Number of protein chains: 2
Amino acid sequence: MKFDTDEQEFLDKYDPSDYPSIAVAVDIVVFGISKSTPKSYRRLGKQSLNIMLVKRKEYPFKDKLALPGGFVLPEETIDETAKRVLKTKTELNEIYCEQLYTFGDINRDPRMRVISCAYIALVDTEKTQIKDAEWVDADIIKNTDLAFDHAVIIMEALKRLRGKINYTDIVFYMMPEKFTISQLQEIYETILQKKLLPAAFRRTISGKIIQTEEFTQNAGHRPSRLYRWIGNCADSVNK
Amino acid sequence: MKFDTDEQEFLDKYDPSDYPSIAVAVDIVVFGISKSTPKSYRRLGKQSLNIMLVKRKEYPFKDKLALPGGFVLPEETIDETAKRVLKTKTELNEIYCEQLYTFGDINRDPRMRVISCAYIALVDTEKTQIKDAEWVDADIIKNTDLAFDHAVIIMEALKRLRGKINYTDIVFYMMPEKFTISQLQEIYETILQKKLLPAAFRRTISGKIIQTEEFTQNAGHRPSRLYRWIGNCADSVNK
DNA sequence: ATTGATATTATCAATTTGATAATATCAAGT
DNA sequence: ACTTGATATTATCAAATTGATAATATCAAT
């Protein structure tokens, strides 16, 4: 055996306060769906997956786009930091938010050692006012130079979304109250990055949604029925 | 709008080095499979899912069992910390290791604010010597009082394992070089906490394994064929 | 040869998925 | 009123996957 006992002793004695501190930050990938404003057409604007970004006002990476974030304060949990950061950018309190991954490369921040605990948040953009931030199309972000390692964080966030969309109901946190099945399918397609067959999609999704008696109008084709997520229907429990 | 601009300004000015530091640690849930030593029988000992634990030598939680862990040093990434901690407990270099979740409750460590970035590692216990640590059956751990919030961390690790077992090949990092399908099924059953039908299990697993010409012996019943994981077979690429 | 035990293969029904076709409904143009 | 273009919705059938059970195989011990 070539175990190094000294190393073990060293570790036992190690007191982190003897060392220059490592700062802990939270960065949040906030996803939302935005409709590109329809121009001359009468049609609905195509929907797309958007991410909330902030233009940095200070160095490093001044004027570049970055994820909203902030440092973890001594008296708050990491989740609380995430919620606090969200509050500075939106007015919503009830936002779906889950931890994604912690990024700890040594030089990810040029100023000092900063470890970033990344989160994912999903919001309904129709209900959400944003401040000091902007929505950017996820496809456009791929060709954008972002601050820090935020491009990597976003890639991981997209992976998580892709991985979870088929066995959870998280998409619905991004959907408006009422939506058509085609709209929903369009979101699935941009997240999964592939086309789905409408008939099959309908089948699989049907257990998660409830029809309303409303329809889209003036479409130049058969109107489509509006649905709600079953998780949004208090009715579904009682009836 | 009731956005608080002052808060934003505060955050922009916030310099983490002004505050008492937050220490960052890594704790690792190392999974392995151990055979309970067969006693008077001639049969193979039942296999079980085990987790590597360390008996604490110092306060707090002196003499309690804890996950192996250590602090993140200024010059290493979090992944490197995890690998270093693993090396103090095992002799293996090539160990499957992935980040699990970061635990940041304020009082999870009574000494000071410590955030723990938890990892999962999977090892083949037959190849792995351990030092200053012991294997404990996952079922027994459920009724054991562990140090810190390590019981919570282990619960999350088990969830991750359960979630990933069906769409990845991670189990095989815990399996010995050669194994029977029943042994493999037993591991699946303890991880998923439910019985599986042998015929169906065989079918679904068959694409991931390759048969050898070896069989178990002296079993008092039909011998079972030994298989290898396809990912362990250089052959499978060439032939 | 029989029994008990587990491994392995076979079989068939039930369910889920993939793919395509058929039908419906609107606006706009003829 | 009828046709066209567009998308929504339902129907249909084949293909693949899964659930469940039965049949067969092979060993040690009796």
Side-chain angles (χ1 to χ4, degrees), chain A residues 35-36 38-48 162 165-168 175-176 178-190 192-228, chain B residues 35-36 38-48 162 165-168 175-176 178-190 192-228:
Chain A
K35 301 181 178 65
S36 66
K39 300 186 179 163
S40 42
Y41 304 151
R42 205 174 284 96
R43 305 235 227 102
L44 277 173
K46 277 277 175 186
Q47 301 172 118
S48 64
R162 227 188 324 268
I165 196 176
N166 277 325
Y167 71 97
T168 68
M175 298 302 289
K178 294 166 189 173
F179 50 84
T180 70
I181 291 186
S182 320
Q183 282 171 352
L184 190 56
Q185 181 176 343
E186 203 178 316
I187 302 303
Y188 269 75
E189 288 176 345
T190 64
L192 295 174
Q193 306 239 256
K194 65 174 178 187
K195 285 281 170 196
L196 303 175
L197 296 173
F201 181 74
R202 235 154 230 285
R203 235 179 354 207
T204 56
I205 211 71
S206 64
K208 298 182 172 180
I209 58 179
I210 287 186
Q211 66 173 46
T212 71
E213 294 310 316
E214 297 173 59
F215 296 81
T216 56
Q217 288 177 341
N218 304 325
H221 55 77
R222 177 171 174 175
S224 48
R225 189 186 281 273
L226 292 170
Y227 291 80
R228 288 187 298 173
Chain B
K35 301 180 179 67
S36 66
K39 299 183 180 165
S40 42
Y41 305 149
R42 205 175 283 97
R43 305 234 228 101
L44 277 173
K46 278 277 176 187
Q47 301 172 119
S48 64
R162 230 190 321 271
I165 197 176
N166 277 325
Y167 71 98
T168 69
M175 298 303 289
K178 293 165 189 174
F179 50 84
T180 69
I181 291 185
S182 319
Q183 281 170 352
L184 189 57
Q185 182 176 343
E186 204 178 316
I187 301 304
Y188 268 75
E189 288 176 345
T190 62
L192 295 174
Q193 306 238 255
K194 65 174 179 188
K195 285 280 170 196
L196 303 174
L197 296 174
F201 181 74
R202 235 155 229 285
R203 237 182 349 211
T204 57
I205 211 70
S206 64
K208 297 181 172 182
I209 57 179
I210 287 186
Q211 66 173 47
T212 71
E213 294 311 315
E214 297 172 59
F215 296 81
T216 57
Q217 287 178 340
N218 303 326
H221 56 76
R222 178 169 173 176
S224 49
R225 190 186 281 273
L226 292 170
Y227 291 80
R228 289 186 298 173

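Note that the structure is a prediction, hence the values are computed from the model and not measured. What's counted below: heavy atoms across the whole structure, side chains too, no hydrogens, waters or symmetry copies. We name chains A, B, ... by the order of the sequence lines, and we start the count at 1 in each one.
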Just N and O in the side chain of B:Ser182: are any of them under 4.0 Å from OP1 or OP2 of C:dA7?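 B:Ser182 to C:dA7 OP1/OP2: side-chain N or O found under 4.0 Å.
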Rounded off to whole Å, could you give me the [atom1]-to-[atom2] distance for the [X] and [N] pair?
{"X": "A:Gln185", "N": "D:dT9", "atom1": "CD", "atom2": "P", "value": "11 Å"}
{"X": "A:Gln217", "N": "C:dA27", "atom1": "CD", "atom2": "P", "value": "9 Å"}
{"X": "B:Ile205", "N": "D:dT18", "atom1": "CD1", "atom2": "P", "value": "12 Å"}
{"X": "A:Leu196", "N": "C:dG18", "atom1": "CG", "atom2": "P", "value": "9 Å"}
{"X": "B:Lys194", "N": "D:dT18", "atom1": "NZ", "atom2": "C1'", "value": "12 Å"}
{"X": "A:Phe201", "N": "C:dT16", "atom1": "CZ", "atom2": "P", "value": "18 Å"}
{"X": "B:His221", "N": "C:dT8", "atom1": "NE2", "atom2": "P", "value": "10 Å"}
{"X": "B:Leu197", "N": "D:dT21", "atom1": "CG", "atom2": "P", "value": "8 Å"}

Watson-Crick or G-U wobble partner for C:dT25, using a 3.5 Å limit on both distances?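 Across all strands, the one nucleotide that pairs with C:dT25 is D:dA6.
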Most 5' of A:Pro198 and B:Arg202 on DNA chain C, judged by nearest nucleotide: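 Its nucleotide being nearer the 5' end, the pick is B:Arg202.
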Nearest heavy atom decides the nucleotide; on that basis, is B:Gly220 or B:Phe215 closer to the 5' end of DNA chain C?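 First, find each residue's nearest nucleotide; the 5'-ward one identifies B:Gly220.
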Are the side chain of A:Gln185 and the backbone N or O of A:Leu196 linked by a donor-acceptor pair below 3.5 Å?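 Judged by distance alone, yes, a pair lies under 3.5 Å.
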Side chain B:Arg203 and base D:dG19 donor-acceptor under 3.5 Å: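 Indeed there is one.
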Could you give the distance from NZ (A:Lys178) to CD (A:Gln211), rounded to the nearest 0.5 Å?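 Rounded to the nearest 0.5 Å, the NZ-CD separation comes out at 13.0 Å.
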Compare all side-chain heavy atoms of B:Asn166 with those of B:Leu192 and state whether any distance is below 4.5 angstrom.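 With C-beta onward as the side chain, the pair touches.
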Return whichever of B:Arg222 or A:Ala199 has its heavy-atom-nearest nucleotide of DNA chain D closer to the 5' end.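 Its nearest nucleotide being more 5', the pick is A:Ala199.
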Within the structure shown, what part of the strands sits under 4.0 Å from A:Arg225 by heavy-atom distance: base, sugar-phosphate, or nothing?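 Sugar-phosphate contact only.
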Evaluate B:Ile205 against B:Tyr188 for side-chain contact (heavy atoms from CB on, under 4.5 Å), listing each step before the verdict. CA-CA 11 Å; B:Ile205 211 70; B:Tyr188 268 75; 3.4 Å; yes
Restricting to non-hydrogen atoms, name the atom on B:Gln183 and the atom on B:Gln47 that form the minimum distance, rounded to 0.1 Å.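 What the structure gives for the nearest pair is O-NE2, 3.0 Å.
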